[in-house]
Number of protein chains: 4
Amino acid sequence: MTELKPLRVGMVGYAFMGAAHSQAWRSAPRFFDLPLRPELTAIAGRNPSGVRAAADKMGWASAETDWRALIERDDIDLIDICTPGNTHAEIAIAALEAGKHVLCEKPLANSVAEAERMAKAADAAAARGVYSMCGFSYRRTPALALARRMVQEGRLGRIRHVRAQYLQDWLSDADAPLTWRLDKAKSGSGSLGDIGAHSIDTAQWITGQSITGVSALLQTFVTERPVAGDLVGLGGHGATGADTVRGPVTVDDAAIFTARFAGDGDGTASNNGTGTGPIGVFEATRFALGRKNAMRIELNGTLGSLAFDFEDMNALSFYDAADGPDAGFRKILVTEPEHPYTGNWWPTGHGLGYEHLFTHQAVDLIHAIAGNRPPAPSFADALQVQKVLAAVEASAGANSHWHNV
Amino acid sequence: MTELKPLRVGMVGYAFMGAAHSQAWRSAPRFFDLPLRPELTAIAGRNPSGVRAAADKMGWASAETDWRALIERDDIDLIDICTPGNTHAEIAIAALEAGKHVLCEKPLANSVAEAERMAKAADAAAARGVYSMCGFSYRRTPALALARRMVQEGRLGRIRHVRAQYLQDWLSDADAPLTWRLDKAKSGSGSLGDIGAHSIDTAQWITGQSITGVSALLQTFVTERPVAGDLVGLGGHGATGADTVRGPVTVDDAAIFTARFAGDGDGTASNNGTGTGPIGVFEATRFALGRKNAMRIELNGTLGSLAFDFEDMNALSFYDAADGPDAGFRKILVTEPEHPYTGNWWPTGHGLGYEHLFTHQAVDLIHAIAGNRPPAPSFADALQVQKVLAAVEASAGANSHWHNV
Amino acid sequence: MTELKPLRVGMVGYAFMGAAHSQAWRSAPRFFDLPLRPELTAIAGRNPSGVRAAADKMGWASAETDWRALIERDDIDLIDICTPGNTHAEIAIAALEAGKHVLCEKPLANSVAEAERMAKAADAAAARGVYSMCGFSYRRTPALALARRMVQEGRLGRIRHVRAQYLQDWLSDADAPLTWRLDKAKSGSGSLGDIGAHSIDTAQWITGQSITGVSALLQTFVTERPVAGDLVGLGGHGATGADTVRGPVTVDDAAIFTARFAGDGDGTASNNGTGTGPIGVFEATRFALGRKNAMRIELNGTLGSLAFDFEDMNALSFYDAADGPDAGFRKILVTEPEHPYTGNWWPTGHGLGYEHLFTHQAVDLIHAIAGNRPPAPSFADALQVQKVLAAVEASAGANSHWHNV
Amino acid sequence: MTELKPLRVGMVGYAFMGAAHSQAWRSAPRFFDLPLRPELTAIAGRNPSGVRAAADKMGWASAETDWRALIERDDIDLIDICTPGNTHAEIAIAALEAGKHVLCEKPLANSVAEAERMAKAADAAAARGVYSMCGFSYRRTPALALARRMVQEGRLGRIRHVRAQYLQDWLSDADAPLTWRLDKAKSGSGSLGDIGAHSIDTAQWITGQSITGVSALLQTFVTERPVAGDLVGLGGHGATGADTVRGPVTVDDAAIFTARFAGDGDGTASNNGTGTGPIGVFEATRFALGRKNAMRIELNGTLGSLAFDFEDMNALSFYDAADGPDAGFRKILVTEPEHPYTGNWWPTGHGLGYEHLFTHQAVDLIHAIAGNRPPAPSFADALQVQKVLAAVEASAGANSHWHNV
């Protein structure tokens, strides 16, 4: 392993996502045979003592208080962006222009315009062998990667229905504090971009079909919340602070929408009639009491169905109509050596956890960079998700009228 | 029991619903103490030998080949309508005008206009002590009746989310035959009115709040199907016939829509902003492979949540936020003596089946009639559902634009 | 139907089992095509007003206060015994000797000696065309009947493991009243014979292999209970009475045992080594808080596995190793037309309940009698179960030493 | 963190358990605030190139080819034993005598005699501030730690029933290769000591009550298997090798037993009567097709019940009888900040995996050593488990006769 060329990482941000990414960079080479050796070279954050402590805790060799310093350093090959969405475009474009590979958390940006600039920068960089990827980490869930493989193998036939829910409840309490995730200027949107974006990306990726239009409704259940001291705490899931001062929630609490996917190449976006692509129902909320991280998706095709719930992340349910009268949803424990990613971990039945998604993401990215081929999801893929998010907001703002993506 | 006054029933139609209703009339007095003694007096059907055989099989004392004969008979107190939707209005109105109580299968009618005439006739009859009820049988599921009771007791707090799915798969095979349920002239609509109507009624009944507007999308996946010989077979779920001749499917295969419910009395129907009523997501389909009769509903309130799936009909899942860190969805087996209807059946844990819904429906109807009070759901309640169905179709036909109910 | 020869039934006892059997006799001809027409001719019970009221409520044409009167009547073809176990032998033998067919509730008797006399009487009667059956009703659960069929078809290969649990909790409360089910003189044993007997019969029936030996432990958790007024209430599941007077519980509250099944014909009963029959673990209890009627069985074979829980009685889980890395327990909804019994009821996905077991039992019995062939389970089958029960008690009384059946 | 005193670890063995322990030592300080800083100082293994490669892969600073070298080194504080059971006693005793703390994989030894010597050595070492712990890692599952806490808080009342299963299927294929785990000389026993030991320890730990006696049955389903080249592969779960040569399986494939636990201090071991301690049913097997790592336990007490299945390891089911008619098994997602261990990881609902058990184990051990207090489970605790294993084997060898522990 000592002979491997290093991939020197500089990470921006060190909260929830920073912790997950750090564990990924540390663990990837311990369980996977990699063509490059990741190094935790430096992290950046504005608070000098905070970033120093985080570097020690998370195992980074050095710390910077300005992300620009990371980009200027010669000993860094890749910039890993774990900050709120309003900062993504500036950091990513600067990094790509400086010849650094980029891994950027999702959603890619807070607007389509930003995302387009980022995708353009990514294209230009790719021509120079500098690569970029957006962190739609749920693609690295073994069960969802298996789902995609089964769809690609034709085991579901033609997909007719997509139903995707991402249900959480951490804002159900009206006294939960106002964090940066509830501030549109920083986060771009609420449940829609934070968790709905995962559902959109996952649905498009598994089906291999793009959403062509939507009809949407957004809702903010709690319009004011207590202002907490530190708005950039762990994942923005801060503890309840004093409730003397309240500030406005400027994002959606829940987003629900219907959708059509492109079918046999015609890309029709009519919301009526008999299009050949699947129809979809999406729901994202942080107010579904009792649902903690229920990122769910179900697909019904002409030959079979698949169902998944992240709260039981090591399982995938599969219905094969060919089983005839003895058919039933099979609960596949996705821990076999033949399943995506899992053969590198533990014996069958010994499940993985949330953080493994990030390790798999690091593994896939390292292989792509070393192989001189573009990793996925690309910024262009993420731009497409951004366009769906924008269409959802546009439709919601126009009495749910159908909006093409 | 012999001293009880009889309630003499005349039933129209003897297919799937007829079989279920017959078992209900036979079983109700065996398990419940009733104020009237139901008698299976007569059934009507157009086919003389068919109706005669059905009468014998199902235990009816006589048979008629014209429903009008039932209405003319003096020895019949109640007309039980189990025919396709296009016949409901004529039969029900004639019966009510003749002074017969009416139980009418759902959906109430094939159009709002018909439903309005029926509701008007029902009101007029009620003034004369003649009662009517629409057969939204799922209200009689013990678990759903318990759900309603818990919502009414305030155990969920204010409801924020409703998600209702009714998923079947019996049309997933493109060679399944064309039955009357796929003929708009007879059935009015497809999955929307057949099963979506149950979801709409259940959601409104449990929450106690009406849907005020919708944004919808309808889809027909298979536009032509083999013409089967007998289009009025068991539940319209006929066997695959010869596929030489195909006819058009004129109804929706799937219906998906978002909705808003009336909140604190303002009845707002805007699809944007911060209304106080719940927001809802509905999906009805006969193409969800592997889902056989997944009539599901989940509610999230400020204090708790409820979830139900008819495929496990004896259970209700309840999340009580007051349980704190040890909260979790409780799977309540709804078979306790304290639960709705169940105390009249078997010891705890010994579940009920589909047909029991109809027995409970008969029980409730008999009590209302004997008590000289209007049974629920009334035709007016069913008219409101019909208006939601119409709004769904209108929105789907207008690029999903928001449509008030 | 009017031309069918009747099967005139006389039932003894009218509590929990009597209600279930009555519904079965009433419903069987409504849903199944039968070669004989069952008639609810008479019931017998010691309490004159009670038995008269029960006859009216349950639809029996007449009532007797002594079961002997039923046997003496010429207009009765079959005696249906729904009384506590201490009365079975006398009634059944008298009935058989009088030329009446017999359906006898389980367990067959309170001792092996009684059961042997009954089996002998049954054999003698069968030679005269008079048939008998023991009411191990769980065999008529569609999912368990499907399980047996799958085992017989070889889909599990050779069975290695049987794990059977029958968990209830209605005695968990130490103040639940003393009923006849807790009186050894009437019931023979406690959880062992009441519910464990079902597990034993089901396990042997599905595997097609007999238990050859056991090692057991019995436990009585609550040794005294309040004496209730009426000890023969609904299923012996009486309400809590005044707790001033307490009487002794003389039966087991829980029974647990390991077992070996006969394998390839050698019938070995050694508890050590490498026998070719399955090994089994059994548990029956009325003290498993939260388990209401969890009659469960799981089988693991060389090719696949099956799992069942009566609390979700319309489903059977099947694991087919041939599915390879995508194998998983399939939850088969046992409601298809191809499944045992279910095609006579409702469309797919519309489940059945507890009482349907008894209807299926009546159907199978009627077919056997009309076809002049012995119904199953025979009294000999039930005697074998009785011998297992006796071996369990013997082993438990001898420091769990292995006891051959 | 740089100022913390180190805890320098030397690990023996580097297969399945070695990989898990390595990830634990690496990850513990990244997520938990620890009083000592673990260092991956050295590992030992007999194969020079193998151990060198493992050291690089797993992040160990140096490698030795003899475990004795680890013990002789001054720069090692703790010996972590991850080898087969036949080597535990020698290594552990030598390490303790040399003043090294010891973490030893389970089962502690291959015989009670060995375990007694180890426990004695552990006691002697503890008097000198040198500590030891046995690796019953399932105690560190957050859901099981929560289960123990709830029992200790009295939320279940007095426990009556324990049912524990550990079901795997990796030997179901009769051509799976012969590995060291099937060689009694190396592993001591089969399913009994490998997985049954976890069930025994977990059951005793959660209930706080010791098993006082057992009645058991052992079974070897497949008596000969193909000899594989390398018998010490990943967890002994080696791939199928050539089947030309077969060798004998010398351990049990499955172990089933009933048990009694000590109750209110009387420690009665009678297998009959009305002891106050719980009764238990245990089953361990590697032949339950479809069950991959189903380490399950259910407890029923006088006030409530708990149920767990490691295949869904982030959940614990709890039944609280105080919930009355609305009681039901609550599926608690054990990912809240208030739950054991989980607050140091991810937001609620983002589950953990198998390897986290080992990280938690390392955390607990480091705290104990730094706090100068004995960690649990001690060698004495593990000796008690060993005695239960011995009693199981003794009973199985004596026709299941009850055997006191």
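Side chains are part of it too, since the values below use all heavy atoms of this structure and drop only hydrogens, waters and symmetry mates.
Residues Ser22(A) and Trp60(A) bring a donor and an acceptor atom of their side chains to less than 3.5 Å of each other.
Both the backbone and the side chain of Glu355(A) come within contact range of chain D, judged by heavy atoms closer than 4.5 Å. Heavy atoms of Arg291(D) lying under 4.5 Å from chain A are absent altogether. For Met58(A), the part lying under 4.5 angstrom from a heavy atom of chain D is the backbone only. The contact between Ala20(A) and chain D is made by backbone and side chain atoms together, counting heavy-atom distances below 4.5 Å.
A salt bridge does not link Arg286(D) with Asp253(D): none of the charged nitrogens is closer than 4.0 Å to a carboxylate oxygen. Using a cutoff of 4.0 Å between basic side-chain nitrogens and carboxylate oxygens, Asp194(D) and Arg181(D) are scored as salt-bridged.
No other option in Tyr354(A), Phe31(A), Phe310(A) has as many heavy-atom pairs under 4.5 Å with chain D as Tyr354(A). Considering only heavy-atom pairs separated by less than 4.5 Å from chain A, the leading option among Leu333(D), Asn314(D), Thr335(D) is Leu333(D).
Between His198(D) and Tyr166(D), the angle of the ring planes lies from 30° to 60°, which puts this pair in the tilted group.
No donor-acceptor pair closer than 3.5 Å links the side chain of Arg140(D) to the backbone N or O of Phe358(D).
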